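Every number for a ligand or one of its atoms is a count from 1 in the order of the listing. Keep in mind the model is a prediction, meaning the values are calculated, not measured. Scope of the values below: all heavy atoms of this structure, side chains included, with no hydrogens, waters or symmetry mates.
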Amino acid sequence: MSRLLHAEKMYGVIGHPVGHSLSPLMHNDQFQHQSLPAFYHAFDVMPEYLGDALQGLKALGVSGFNVTVPHKIEVMQYLDGLDEEARLIGAVNTIVKEEKGWIGYNTDGDGYVQSLLSKVGSALPDSNILVIGAGGAARAVISALTGHKAEQVTITNRTFSKAEALQERMAERAAVCALPTQQAEKETPSFDIIINTTSVGMSPQTDRMPWPVDGLKPGCVVSDLIYNPLKTKWLQEAQKRGADILNGTGMFVGQGAIAFEKWTGIQPDTKRMHNVVMKQLGGN
Ligand code: NAP
């Protein structure tokens, strides 16, 4: 890890817990690679100290930071402004010190859609898409999908009322359709892209699957936001049945790359960021 030198700019991530975060590794490597005098640190901030932590970061002259679980919503009350996408999503994962003060952005959704576009390209607007889950990640993903002109988006969630609330929330931008799980399951063969935004299948409960793999449309894209494990059981089983699979590393790198550019004005080397993350996760 590089040493903090005088005149280096300071960035970081706040969360709780945050010790497992790969962001310091990814961003510090990129700062070095770009010869930028900057340093990125993970700050473990308990929810009851969030306001104090924000004051402290301001006082210390931090130039920008990421926000992760559980602070993505609560942090908004301490900011001086919100980007339009963050407002629609109702959560912030990136904060930038600008002339008007601290402005909140959400780069999760665009980070995800960039990685999805590498699979589906120009077919996105015409694809029939199912999103499983209605939490913060689902909000970001659906907002970015509709921002990229996806017109057929269905949401389903264990707690159906949250899927309905998300449908309402997105209505100002696009028509998305909330379906109860049983009904959506029957429509599995009609979906071109199925995206899991729930934590089902994440380590340590790696034997669980968020959606049945029988009846998948031939050649469909099956995508999991999870990257630990790199290939969830659901992705493994879907691949055996001919699906084109996508894990969550592209989203993680994508959201970080957009944040990096917002902070520094420099487009990072995303291939290098991806390699750093994959090496740490034990992948290729
Ligand atoms: P969240 O706001 O807590 O939402 C969790 C969602 O998962 C809810 O829809 C919840 O359903 C559902 N869920 C949880 N346990 C379930 C179960 N046993 N069965 C069915 N549904 C279940 O969390 P989040 O922030 O959206 O994160 C969700 C996932 O996305 C996590 O795995 C996270 O690691 C991943 N993620 C990845 C990236 C990336 O960079 N790759 C970025 C952000 C998030 P209910 O509403 O019914 O509770």
Can you give the donor-acceptor pairs under 3.5 Å from side chains of residues 46-54 to other protein atoms, not counting sequence neighbours?
none

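The ring pair (Phe, Tyr, Trp, His ring centres under 6.0 Å) analysis of residues 240-259, with sequence neighbours excluded, yields the pairs Tyr227-Phe252.
Remark: side-chain polar atoms of Ser115 are paired, donor with acceptor, to backbone N or O of Tyr112 under 3.5 angstrom.
Remark: Met209 pairs with Val213, Lys233, Trp234, Glu237 by the side chain to side chain contact (heavy atoms under 4.5 Å, CB included) rule, at least two apart or across chains.
Side-chain atoms of Thr232 and Asp224 form a donor-acceptor pair, as typed in the model, at a separation below 3.5 Å.
Screening Gln34, His27, His33 for a side chain to side chain donor-acceptor pair (under 3.5 Å) involving Gln30 leaves a single residue, Gln34.
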Identify all N/O pairs between ligand 1 and the protein with a separation under 3.5 Å and present them as a table of atom names and distances.
from	atom 1	to	atom 2	distance (Å)
ligand 1	2 (O)	Gly136	N	3.0
ligand 1	9 (O)	Ala134	N	2.9
ligand 1	9 (O)	Asn157	OD1	2.7
ligand 1	11 (O)	Asn157	OD1	3.2
ligand 1	18 (N)	Arg158	NH1	3.4
ligand 1	18 (N)	Arg208	NH2	3.3
ligand 1	26 (O)	Gly136	N	3.2
ligand 1	26 (O)	Ala137	N	2.8
ligand 1	40 (O)	Phe252	N	3.4
ligand 1	41 (N)	Leu225	O	2.9
ligand 1	41 (N)	Gly248	O	3.0
ligand 1	46 (O)	Asn157	ND2	2.9
ligand 1	46 (O)	Lys162	NZ	3.1
ligand 1	47 (O)	Arg158	NE	3.0
ligand 1	47 (O)	Thr159	N	3.1
ligand 1	47 (O)	Thr159	OG1	2.4
ligand 1	48 (O)	Arg158	NH2	2.8

